[in-house]
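Reading through the C-alpha cells given below for one structure.
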Protein chains: 2
Amino acid sequence: MTAPAVKNDIKHRIAVARGAQKADLVLHGGSLVNVFSGEIYQTDVAVCGGKIAGLGSYKGHTVIDVSSKFILPGFIDSHVHIESSMLSPAEFARAVIPHGTTAVIADPHEIANVLGKTGIKYMLSASEGLPLDFYFMLPSCVPTTSLETSGARLTAADLLPFLKHQRVLGLAEVMNYPGVLHGEPDVLRKLKAFSHTVIDGHAPGLSDYDLSAYAGAGISSDHECTTANEAQRKVRMGMTVFIREGSVAKDLEALLPAVTRANAQFFTLATDDFQPGDVKRGSINQLIKKAIRLGLDPVVAVQMATINAARHFGLRQKGAVLPGYDADMVVIDDLKNFAVEKVFKAGKLVAEGGTCITDIRSRHHERTRGTVRMGPIEKKDIMMKAKTGLARVIELIPDRIETKCSIMPVTVQGGYIVSDIHNDILKLVVIERHKATGNRGVGLVKGLGLKAGAIAATVAHDSHNIITTGITDEDILTAVSRVQKIQGGLVVVNNRKVIAEIPLPVAGLMSDKRLDVVVNKLEEIDLAVKGLGVTCEHPFGILSFLALPVIPELKLTDRGLVDVKQFKFVDLFV
Amino acid sequence: MTAPAVKNDIKHRIAVARGAQKADLVLHGGSLVNVFSGEIYQTDVAVCGGKIAGLGSYKGHTVIDVSSKFILPGFIDSHVHIESSMLSPAEFARAVIPHGTTAVIADPHEIANVLGKTGIKYMLSASEGLPLDFYFMLPSCVPTTSLETSGARLTAADLLPFLKHQRVLGLAEVMNYPGVLHGEPDVLRKLKAFSHTVIDGHAPGLSDYDLSAYAGAGISSDHECTTANEAQRKVRMGMTVFIREGSVAKDLEALLPAVTRANAQFFTLATDDFQPGDVKRGSINQLIKKAIRLGLDPVVAVQMATINAARHFGLRQKGAVLPGYDADMVVIDDLKNFAVEKVFKAGKLVAEGGTCITDIRSRHHERTRGTVRMGPIEKKDIMMKAKTGLARVIELIPDRIETKCSIMPVTVQGGYIVSDIHNDILKLVVIERHKATGNRGVGLVKGLGLKAGAIAATVAHDSHNIITTGITDEDILTAVSRVQKIQGGLVVVNNRKVIAEIPLPVAGLMSDKRLDVVVNKLEEIDLAVKGLGVTCEHPFGILSFLALPVIPELKLTDRGLVDVKQFKFVDLFV
C-alpha cells in the first residue's frame with residue numbers, strides 16, 4: 001500500500017469519471033471500437049493519470065478532436081524477437097510506436113544464446129521506462145541443441161529468478177517439442193518450474209496424440225501454424241493460436257479461415273521476426289489491416305490484436321479503451337485504409353502521422369559489447385583436405401529456410417577443396433566466437449550465387465557463431481577478421497577489401513544506430529552482394545539459418561556438419 | 001521446483017497422451033463440448049494424475065462408456081455465499097457436487113461480519129482438501145455500515161495477508177458503491193491494495209458517469225444487473241457480468257437478451273444466495289439448463305459456466321476438458337434435459353445419479369462456536385414507552401427485500417407499545433450479540449401475519465445480530481433466550497415453549513448437520529410459523545433482511561431505527 005499519491009490517483013479518476021473534475025485529455029467525436037461489447041459507436045474518451053477515466057461526454061484540459069476517426073486500443077504483438085529488427089529496445093520502440101503498437105511480448109532468445117542471463121538483463125534494463133511496454137517470456141531453449149556451441153546455457157534454475165520481474169510473464173516458445181514428447185528431464189524441469197505461468201509453444205505441424213501431449217504439458221499457445229486445419233486442431237486442444245505474419249513466414253491468409261465467432265477469442269496476432277525494412281513499413285497494424293481486407297470482421301481483428309492477447313498473458317489493464325484500463329490508444333482514419341494517425345501511451349500523445357514525437361534515448365550497456373571472442377585464425381584453419389571427390393553439400397531451396405543434403409562432386413586444388421564458382425558450390429565456414437574454443441566447422445553450400453569476394457556475419461541462428469562463405473580463403477579471412485574487429489556485424493569483402501558492412505556491436509546481433517541508418521546500411525549491403533553476383537534475396541538472411549541444426553536437412557555448426565533428420569554429425573565426404 | 005514426483009507427473013501425462021502408457025481413466029464414446037473451439041464432437045477423453053491427458057482414442061486402466069452422453073467441464077459458480085446454504089463447506093460440497101459444480105468463487109461476507117479474520121480462516125480451513133474447489137474473494141465491506149454493530153471490522157491491512165493463500169483470488173463484491181463514488185478513504189485503500197487482483201462488483205442500477213467511475217476504480221464484474229440494458233451497459237464499460245439466478249433474485253431470463261456472440265465471453269453464471277431447499281434441487285446446472293431452454297446456444301451457456309469464469313478469475317487450469325486442464329468433468333444425458341449423471345473431480349468419479357459417492361468429512365472448528373455473546377435480557381429491556389400515538393413502521397413489500405416506511409397509529413398498553421395482531425403491526429427487536437454491548441433496537445414491523453408466539457434468529461444481514469418479533473414480550477424473551485442457549489439458530493416459540501428450531505452453531509449462521517437434516521428442520525419451522533398465522537413465504541428470510549441498513553426504506557439495527565435513504569437514525573415516534 002503506497003499511500004497518498006496513488007490513493008489520490010483512484011480518487012481523482014473517480015472524480016473525473018463523474019464529471020466533477022476535468023480530464024487530463026479528452027478524445028472527442030471519434031468512434032470507439034469497444035472490444036468488450038463488440039460494438040463501434042461514438043463517444044468521448046476521458047483520460048486522467050495515464051488511465052481511461054470514462055466514456056460519455058467530457059471536458060478536459062486538453063481536448064483532441066478525432067471526429068470521423070476511430071479509436072482503438074494500442075496493439076499488442078503477442079510474440080516478437082526484438083533482435084530480428086537489429087535495433088536496440090529503445091530504437092525498436094521508436095520504430096513501432098508510430099504504427100500503433102504499444103505493447104510487445106518479446107522472447108530474447110537470440111541475445112540469450114550469446115550472453116545468457118546478461119542478455120536477458122540487458123533487454124529488461126534497456127526496455128525500462130520506454131513508451132512501449134516490453135513484456136518478456138524467458139527463452140526456454142538456450143542452447144537450442146547440443147550440436148553447437150552457444151554463448152550460454154540456461155537451466156530452469158537460471159530462469160526462475162527472472163519471474164520476480166513484473167514484466168516477465170512466463171516461459172517463451174518451447175521449440176524443443178521433440179524434447180517435450182520424449183520427456184527430456186531438462187525440458188520437463190522447465191515446464192514444471194513455469195507451470196503456474198504462461199508457457200508459449202512452437203510446434204509446427206504437430207497433431208493428434210503428440211499435440212495432446214504437448215498441450216497437456218502446459219504449453220498454451222502456438223505461433224507456427226501454417227494451415228487453417230492446423231490452427232483448428234490446436235485451438236481444439238486448448239491452445240491460443242498466435243497468427244504469425246513475419247518478414248519470412250506469412251501465415252495470416254492461410255489461417256483466417258480457422259477463425260469462427262465461437263473460437264475467435266483464442267486467436268491473437270504476432271510478427272515473430274520482422275527485419276529492419278519491414279519494421280520501417282509497419283507492425284501489428286499491417287496484420288489487422290490485411291485481416292480486414294481478407295474479410296475478417298474488423299472488431300474481431302482488433303480484438304485479436306488487443307484484448308485477446310491481454311487475456312492470454314493475464315495483462316489485466318491492457319487491451320481495451322475502457323474505464324480503468326491503461327490509456328494506450330490508437331486513432332486511425334478508417335477501418336479499411338487503416339492509417340495510424342495518432343498513438344497515445346498512458347494518455348500521452350507519443351506518435352503522430354507516422355512519426356514518434358516523444359523523447360526516447362537509448363542507453364549504452366557496456367556488458368553487451370565485445371562478444372566476439374576468438375583466437376587468431378589462419379588460412380590453414382579453414383582449409384579442407386579432400387578425402388574423396390564426393391561431398392555432402394548444403395543445397396538451398398528458394399524461399400525456404402530448409403535445405404537439401406545433396407551429394408556432389410567437389411573441386412580440388414593441391415589436395416584441398418576450393419569454392420567452385422561455375423557450379424555455385426562455395427566453401428562455408430562456421431567459427432565459434434563465444435569462448436574462443438577454436439571450434440570451426442567447414443562445409444559447402446550451393447545456391448547463393450556469389451561469384452567473387454566473401455561475406456561474414458555474427459547473426460547465425462541460434463548460437464550466433466560467425467558464419468562466412470566466399471570464393472577465396474583470403475577474402476573469407478578478411479571478412480572474418482573484420483567481423484572480429486568491429487565486434488559483430490555483417491561484412492562484405494572483395495579483393496581483401498571491405499566494400500560494405502553494418503556493425504552490430506550489441507551482442508553481435510543489434511545495432512546501436514537508428515532504424516534509418518540500419519535500413520540504409522542493409523541496402524548498401526544488398527547492392528554490394530548483388531555486385532558480387534548473388535542472385536537470391538537476402539543472402540545474409542539465408543546464411544543466418546545455415547547454422548541452425550533444428551531445421552532440416554543439412555546444416556553446419558562450429559562443431560561440424562549436421563544431418564538434422566538423424567540429429568547427428570556426418571562427414572563432409574561420402 | 002519439487003523434483004522427481006511432480007516431474008514424473010508431466011512425464012507420465014505425456015506418455016499417456018501419446019499412447020505409450022495406459023490412462024488412469026478413459027471416458028469413451030461421449031460427445032465433448034469443447035469450450036475453446038466451440039464444437040461438440042465425439043472423442044475419448046483420457047485422464048491421468050488428475051488431469052486431462054489427451055483427446056482422441058485411448059486405452060485406460062478404467063474405461064467408462066459414456067456413449068450418447070455429453071462431456072462438459074465441471075461447472076464454476078462465479079459468486080456464492082456459502083453461508084446462505086446454512087451448510088458447512090464440506091456439506092455444501094457434498095450437496096453441489098452431484099449437480100456438476102466442481103468449483104465455486106465464494107465470498108465469506110456473512111461469517112466475516114460475525115468472526116472477522118477467524119471466520120475467513122475457518123472457511124479456508126474447512127474447505128481444504130474437499131472434492132470441490134473453493135476459491136475465495138475477501139469481503140470488502142465488513143462492517144457493511146457504521147449504523148450497526150458487527151462482530152468485526154476488516155481493513156485493507158487485515159485482508160491483504162490472505163492474498164498469500166493460493167485459493168484467495170481478490171476482493172469480493174464492493175457493495176459500498178456510494179463509498180467508491182464519493183471516494184471514501186477506507187474504500188479507496190482497499191481498491192488500491194487489491195488493484196493487482198480481481199475485484200468483484202455489486203452496483204445495482206449504476207449507469208453512465210457513475211458506472212465509468214465504478215468500473216474505472218478497477219472493479220471488473222457485477223452480479224446485480226436486473227435488465228438486459230443494464231447488463232449491456234456494464235459490459236460496454238469493461239465489466240464481466242455474472243448472471244445471477246439465486247433463491248430470491250432471479251435475473252437470467254431478463255439478462256439473456258444482452259448476450260451476443262461478440263460479447264458472450266464476458267458473461268458467467270452465479271447463484272449468489274441459494275437457500276438450503278434450492279441447494280438440494282440444483283446448482284449452476286439449473287442455470288445452464290434454463291439458459292438453453294430460453295434459447296441460448298448450449299455451447300455458449302456451457303462456456304459461461306466454465307471457461308469464461310475461469311478466465312475472469314485467472315484460473316489457468318480450470319474450465320475446459322482439454323489437455324493439461326484439471327480433470328473436472330460432468331457427464332449429462334443431453335443438452336436439453338440436462339440431467340447430471342456423473343461428476344468427476346481431478347479425474348475421480350465423485351458423484352453419480354445425483355449422489356455424492358466420495359468420502360467427505362466435516363471437521364469441527366471450535367473457534368466458530370459460541371458466537372452469541374450477550375448479557376441477560378429482561379422484559380424491561382425490550383419495552384417501548386409510547387411517546388406519541390404515531391410511529392414509523394417497517395412495512396413489508398411482498399416478494400421484495402426493500403421495505404416501506406409507513407407512519408401508523410400504535411397500540412399502547414399501560415404507556416407501552418404492544419404488538420397489534422389485528423393490524424398486523426408487531427414488535428421487532430434487534431439485540432447485539434457479538435460483544436455483549438447491551439445494544440438493542442426496538443421497532444415495529446407490518447406484514448408478517450404472525451398471530452401468536454414469537455420467532456428469533458441469529459441470521460440477520462449483514463451484522464447478524466439477533467432479530468426477533470412476536471406477540472408477547474414473554475414469548476420474544478423465550479425465543480431470544482433459546483437462541484442464546486443453542487448459540488445461534490432459528491427458533492419458533494409459542495406460549496413460552498420452543499415448538500420448532502434449527503441450531504446454527506457455526507457463527508450462528510451455519511448448521512453442522514447434513515443438508516437433508518437442515519431442509520427437514522426448515523420445513524418443520526415453516527409449518528410451525530404457518531401454524532402461528534404467518535401468511536408470507538419464508539418469514540425467516542424476510543426477517544433476515546430487516547436489519548440491513550443498505551436496502552431502503554426503513555430498517556432496524558441494534559443501534560436503532562434507520563432511514564436508509566437519509567442513511568441516518570430516526571426516532572420511532574413521529
Side-chain angles (χ1 to χ4, degrees), chain A residues 1-2 6-7 10-11 13-15 17-19 34 36-39 46 51-56 156-157 160 180-181 183 185 188-189 191-193 196 208-210 212-213 215-220 232 235-239 260-263 265-266 299-300 311 314 316 320 322-325, chain B residues 1-2 6-7 10-11 13-15 17-19 34 36-39 46 51-56 156-157 160 180-181 183 185 188-189 191-193 196 208-210 212-213 215-220 232 235-239 260-263 265-266 299-300 311 314 316 320 322-325:
Chain A
M1 277 160 50
T2 35
V6 184
K7 188 179 78 187
I10 297 184
K11 187 169 185 168
R13 190 158 74 239
I14 290 167
R18 302 183 77 212
N34 188 319
F36 263 61
S37 72
E39 301 161 314
K51 291 190 176 282
I52 309 294
L55 305 178
L160 268 177
V180 175
L181 300 180
L188 297 192
R189 256 193 299 275
L191 293 176
K192 175 62 199 151
H196 62 300
D208 299 332
Y209 298 97
D210 286 347
S212 268
I219 300 164
S220 62
Q232 279 165 333
V235 170
R236 219 171 262 149
M237 285 297 182
M239 304 183 100
T260 67
R261 273 295 193 183
N263 70 17
Q265 64 170 301
F266 302 107
V299 172
V300 175
R311 277 165 76 93
R316 296 199 166 271
L322 290 169
Y325 280 72
Chain B
M1 276 160 48
T2 32
V6 185
K7 190 179 77 187
I10 297 185
K11 189 170 184 166
R13 189 157 75 240
I14 290 167
R18 302 183 76 212
N34 187 319
F36 263 60
S37 73
E39 301 162 313
K51 290 189 177 284
I52 309 293
L55 305 178
L160 269 177
V180 176
L181 300 181
L188 297 193
R189 256 192 298 276
L191 293 176
K192 175 62 199 153
H196 61 299
D208 299 334
Y209 298 97
D210 286 347
S212 268
I219 300 164
S220 63
Q232 279 165 333
V235 169
R236 221 172 261 148
M237 285 296 183
M239 304 183 98
T260 68
R261 272 295 193 181
N263 70 19
Q265 64 171 301
F266 302 107
V299 172
V300 174
R311 276 165 78 93
R316 296 198 167 273
L322 291 169
Y325 280 72

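Chain letters run A, B, ... following the sequence lines, proteins first and then strands; every chain starts at 1.
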Return yes if some donor-acceptor pair links the side-chain N/O of B/S212 with the main-chain N/O of A/A17 below 3.5 Å, else return no. no

Any residue meeting side-chain hydrogen bond (donor to acceptor under 3.5 Å, both in side chains) with A/Q232, in chain and number order, not counting sequence neighbours: none

Checked B/M239, B/R18, B/Q265 vs chain A; the most non-hydrogen pairs under 4.5 Å come from B/R18

Check each atom of B/D208 against the heavy atoms of chain A and say whether the ones under 4.5 Å are side chain, backbone, both or neither. neither

Which heavy atom in A/L188 sits nearest to a heavy atom in B/K11, and how many Å separate them? CD1-CB, 3.5 Å

Which atom pair, heavy atoms only, marks the closest approach of A/R13 to B/A217? NH2-CA, 4.2 Å

Do A/L322 and B/M237 come within less than 4.5 Å of each other through their side chains, counting heavy atoms only? no

Which portion of A/A53 sits near chain B, non-hydrogen atoms under 4.5 angstrom: backbone

Determine the minimum heavy-atom distance between B/S37 and A/A262, stating which atoms define it. O-CB, 4.1 Å

Those residues that, when tested against B/R316, pass side-chain hydrogen bond (donor to acceptor under 3.5 Å, both in side chains) (two or more places apart): none

Can you tell me how far apart CD1 (A/I10) and NZ (B/K192) are? Round to the nearest 0.5 Å. 6.5 Å

B/E39 CD to A/T260 OG1 distance, which is reported to the nearest 0.5 Å: 7.5 Å

Does B/N263 reach the main-chain N or O of A/F36 with its side chain, forming a donor-acceptor pair under 3.5 Å? no

I need the residue from B/G56, B/G324, B/G38, B/G238 with the largest number of non-hydrogen atom pairs under 4.5 Å to chain A. B/G238

How long is the straight-line distance from CD1 of A/I14 back to CG of B/D210, given to the nearest 0.5 Å? 10.5 Å

Looking only at B/V299, B/L181, B/V300, most heavy-atom pairs under 4.5 Å shared with chain A are made by B/L181

